[in-house]
There are 4 protein chains.
Amino acid sequence: MTAPAARRGRPRSEDADERILQAAHELLLQRGYDRFAMDEAAVRAGVAKTTLYRRWPTKDHLLVALVAKIQDEVPVADTGDVRRDLVVYLTAVAGGLNRMRRVGRTAGDDPSAGVVAELVAAAARHPDVGEAVRALFARRNTLPLALLDRARERGELRADSSSAVLFDQLAGALYYRLLVTGEPIGPAYVAELVDQVLAGAGTATPNPERT
Amino acid sequence: MTAPAARRGRPRSEDADERILQAAHELLLQRGYDRFAMDEAAVRAGVAKTTLYRRWPTKDHLLVALVAKIQDEVPVADTGDVRRDLVVYLTAVAGGLNRMRRVGRTAGDDPSAGVVAELVAAAARHPDVGEAVRALFARRNTLPLALLDRARERGELRADSSSAVLFDQLAGALYYRLLVTGEPIGPAYVAELVDQVLAGAGTATPNPERT
Amino acid sequence: MTAPAARRGRPRSEDADERILQAAHELLLQRGYDRFAMDEAAVRAGVAKTTLYRRWPTKDHLLVALVAKIQDEVPVADTGDVRRDLVVYLTAVAGGLNRMRRVGRTAGDDPSAGVVAELVAAAARHPDVGEAVRALFARRNTLPLALLDRARERGELRADSSSAVLFDQLAGALYYRLLVTGEPIGPAYVAELVDQVLAGAGTATPNPERT
Amino acid sequence: MTAPAARRGRPRSEDADERILQAAHELLLQRGYDRFAMDEAAVRAGVAKTTLYRRWPTKDHLLVALVAKIQDEVPVADTGDVRRDLVVYLTAVAGGLNRMRRVGRTAGDDPSAGVVAELVAAAARHPDVGEAVRALFARRNTLPLALLDRARERGELRADSSSAVLFDQLAGALYYRLLVTGEPIGPAYVAELVDQVLAGAGTATPNPERT
DNA sequence: TCCTAAACGAGACGGTACGTCAAGTCTTCTG
DNA sequence: CAGAAGACTTGACGTACCGTCTCGTTTAGGA
């Protein structure tokens, strides 16, 4: 199997990798996606632009990779209570999205934000970035999908329901609000959303004591 | 009330407006969002670039306005059968989105696409574009929301369900697939989606003979 | 001869003429030639741009007319002492030029100046402006030329000397310093210049008590 | 002394320099100063516009540099006969100025010309261009000034005359005619001018057989 | 006294160029 | 060879100002 192939010449500096991602991260937070400049990222990382482009062929590629890395692994607990587990999970996701919303929005300065939106646009621009983004989300969604599957096996969801569709309804609603309508995504909304979705999928009684 | 206000100065040429939007439309279809150039739009419209910028301060502004205009009013029929009405409506929406997906994707040429994605990114870049986009969708969603409301009044939906949340689930799922996961949005998916959502919100029996 | 031709329609507002020239004057002093904007001049004069262009077909035309007007009539005294008369006259001219030099040069602000230089360039751009400028200078130079002529008649200058050439030497030196070398044009220089020129043209003893 | 300083990064392409100046030269001759467009210069040089702006921050800067370069070194012969040497020198200068006059003046087309005038205006607009122009002329005038100095040492000029002032009279007269009065600058004029100036500064008998 | 021609105010318009910005590539020298 | 440095190409952006045009609104002077 693919021998190590005896690298020739100077090896790539792993140090550089870290410094770049670190610098890029800061820059992304400060400027937002579209005012993020490769030149500045290189300068901040103390690295030549060539070094950036040797690793990622494009700004879009770099930033997708960056976001994939800083993506906080949203933990999924499976307590046996789907409703509760979903609320916990989606609340965490919503928190992340809400944080994204504020990225790059300096107070007085005319801001630029919507990292998620720009990522999505990047995915539409380059096929390979698209694949990366989709892989990113596929990986990220594995756990919650499994959660739904297990719940169905336990009989908490109707047998003929589809985990994928259910998940689309949940995650989709959040992203729709984030990207399209801009409406707030608070805990109350998350709870209502989960209730509504589960109502159709088979659980008996929605939790009555929510706001 | 609202006096005619005696226009001063040369009035804006409505002719120019039309020619610009017409030219911009064609150009958007041919090139896609990011290879759309203001310069070329102006030339095609037979108009000075300044005339463009007098109306829309930015390429993003122009394109949002353009999409808002060419947004074909998706018709909403209220036949008394929510399920059917929703399927019809969402199928139309999905059709539009799928068409958007292909915009600018010339065969061999490495394309640029995702008009919706870019629009959403534009909305995130400029606050005022964001408002415009939100207003656009608010207007666009009025009819389907009313449809849901009426269905509830007729007893087809549970009294404690929320039209807004239901709608987010439906539209959100479509946009999620379009923008994030990239999965196809076919008639089967639309039907499944509607069934699942209505299962929780209503009493209607899901149509059994779907694919 | 040329009957009054019975003007029809609304007569031109003389008031406007004055307000325009007044405003233009201020603006020229503040901004200098090339940052002088017709738009701003119109606004300041409380007049429509059309009104400007009805009177002067071009920014260059307006400014030449303006300078021709504010050109302080440099007085020429003929005391019978050419040397003294020339020194007085040239000192006045030099004063004017030195003042021109500073026009538009705001302290910190990146300045723009050289009204004379720009006028000269304008004269090179439009033939008719050129004529106007030449006429302006011809008129302006009539008196000093006559001064030289009278001095020659009095025997203070050699009979075979040419007033025109003498004058070119004097005025030319000043403009050369102003426009080309940028060297200072002080009283000492003026005196030296006159001495040198008169030495060749026929006066016996240069004034010994100059600096 | 001045170590080689180990150049870092890609060196500026000297080839580009030449091509730019070459193209700019042609363009200036064809179009004249104000119809000279940076864009076109770049295209003709086969170079990106940014490459132009990396070298000269402004059209004015470029053109001054260009003229400074193409300024044919006017040769100064020192034959021991000031009058003759001056006539030769000034005739050459006048030739250059007269050529400048015609630059860009296409026959039927309403032209734009007066490169010298525009240069002088440019010098007035940007302080640094002013310095460059002054340095240019200082360098250019060194030789003729030395010529005058040597003539004085030989006793051909009065000991108390000033070379600088004499030179201003000569050059100034030419530029005055070129820029201000627009009168022709022919051989006869040059001869007359030199005679008149030397009459005051020296002892030489003016050449009687001129026109 | 009305009529009519021209001036006027306001501001859109066509045009032309400018200078800028960022992405991504290329070239040179150094480790 | 990798890396640092920085020049280079490309493509578009948004701006500035000029001079023209198009409205609707005055303002005389002549019938």
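Only this structure's heavy atoms are used, side chains among them; waters, hydrogens and symmetry mates stay out. Quick note on labels: first sequence line is chain A, next is B, and so on, each numbered from 1.
Residue D:Lys59 places none of its side-chain N or O atoms closer than 4.0 Å to OP1 or OP2 of E:dA17. In this structure, A:Arg55 reaches the F:dG3 phosphate: one of its side-chain N or O atoms is under 4.0 Å from OP1 or OP2. The phosphate of F:dT9 has OP1 or OP2 within less than 4.0 Å of a side-chain N or O from D:Thr51. The phosphate of F:dG3 has OP1 or OP2 within less than 4.0 Å of a side-chain N or O from A:Arg54. Not one side-chain nitrogen or oxygen of D:Ser13 sits closer than 4.0 Å to the OP1 or OP2 atom of E:dT27.
Straight-line distance from the CG atom of A:Asp15 to the P atom of F:dA4: 10 Å, rounded to whole Å. At whole-Å resolution of the value, CG in D:Leu62 and C1' in E:dC18 are 14 Å apart. Whole-Å rounding puts the A:His61 NE2 to E:dG24 C1' distance at 13 Å. Nucleotide F:dG11 holds its P atom 12 Å from the CZ atom of B:Arg31, rounded to whole Å. As a whole-Å value, the separation of B:Arg125 CZ from F:dC13 P is 12 Å. Rounded to an integer number of Å, the gap from D:Leu52 CG to F:dA7 C1' is 14 Å. When the P atom of F:dC18 is taken as reference, atom CH2 of C:Trp56 falls 15 Å away, rounded to whole Å. Rounding to whole angstrom units, CZ of residue C:Arg35 and P of F:dT15 are separated by 19 Å.
With rounding to the nearest 0.5 angstrom, the NZ atom of D:Lys59 is 9.0 Å from the OH atom of D:Tyr53. Distance check, rounded to the nearest 0.5 Å: CZ of A:Arg44 to CD of A:Glu40 gives 4.5 Å.
With distances taken from any side-chain atom of B:Thr50 to the nucleotides F:dC21, F:dC17, F:dC13, the minimum falls on F:dC17. Here the side chain of A:Tyr53 is nearest to one of E:dT25, F:dC21, E:dC8, namely E:dT25. Picking from F:dA28, F:dC17, E:dA10 the nucleotide with the shortest atom distance to the side chain of C:Pro11 gives F:dA28. In this structure, the nucleotide among E:dC13, E:dA10, E:dG15 sitting nearest to the side chain of C:Ala48 is E:dA10.
A donor N or O paired with an acceptor N or O is found under 3.5 Å between the base of E:dC26 and the side-chain atoms of D:Arg10. At a cut-off of 3.5 angstrom, counting only N and O atoms as typed in the model, there is a donor on one side and an acceptor on the other between the side-chain of A:Lys49 and the base of E:dG24.
Place B:Pro57 and D:Arg12 on DNA chain F by their nearest nucleotides, and D:Arg12 ends up nearer the 5' end.
Using a 4.5 Å heavy-atom threshold, the side chains of D:Leu62 and D:Phe36 count as touching. In this structure the side chain of A:Leu63 reaches within 4.5 angstrom of the side chain of A:Leu66, judged on heavy atoms. No side-chain heavy atom of A:Val133 sits under 4.5 Å from any side-chain heavy atom of A:Val120. With a 4.5 Å cut-off on side-chain heavy atoms, B:Arg125 and A:Tyr33 do not count as touching.
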Which pairs would a plain distance check flag for residues 20-28 of chain B, meaning a side-chain donor or acceptor within less than 3.5 Å of a matching protein atom at least two apart in sequence or in another chain?
| residue | atom | partner | partner atom | Å |
| --- | --- | --- | --- | --- |
| B:Gln22 | NE2 | B:Glu26 | OE2 | 3.0 |

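Listed by residue number, the members of residues 17-27 of chain D with any heavy atom below 4.0 angstrom from DNA chain E form an empty set. Proximity of residues 36-47 of chain C to DNA chain E (heavy atom under 4.0 angstrom from any strand atom) is restricted to C:Gly46, C:Val47.
Nearest heavy-atom pair across A:Arg35 and A:Arg31 is O-CD, 3.2 Å.
Between B:Lys49 and B:Asp39 there is a salt bridge, with a side-chain nitrogen of the basic residue lying less than 4.0 Å from a carboxylate oxygen of the acidic one.
Here the rule is salt bridge (charged side-chain N to carboxylate O under 4.0 Å, His left out) with D:Asp17, and of D:Arg12, D:Arg54, D:Arg55 only D:Arg55 fits it.
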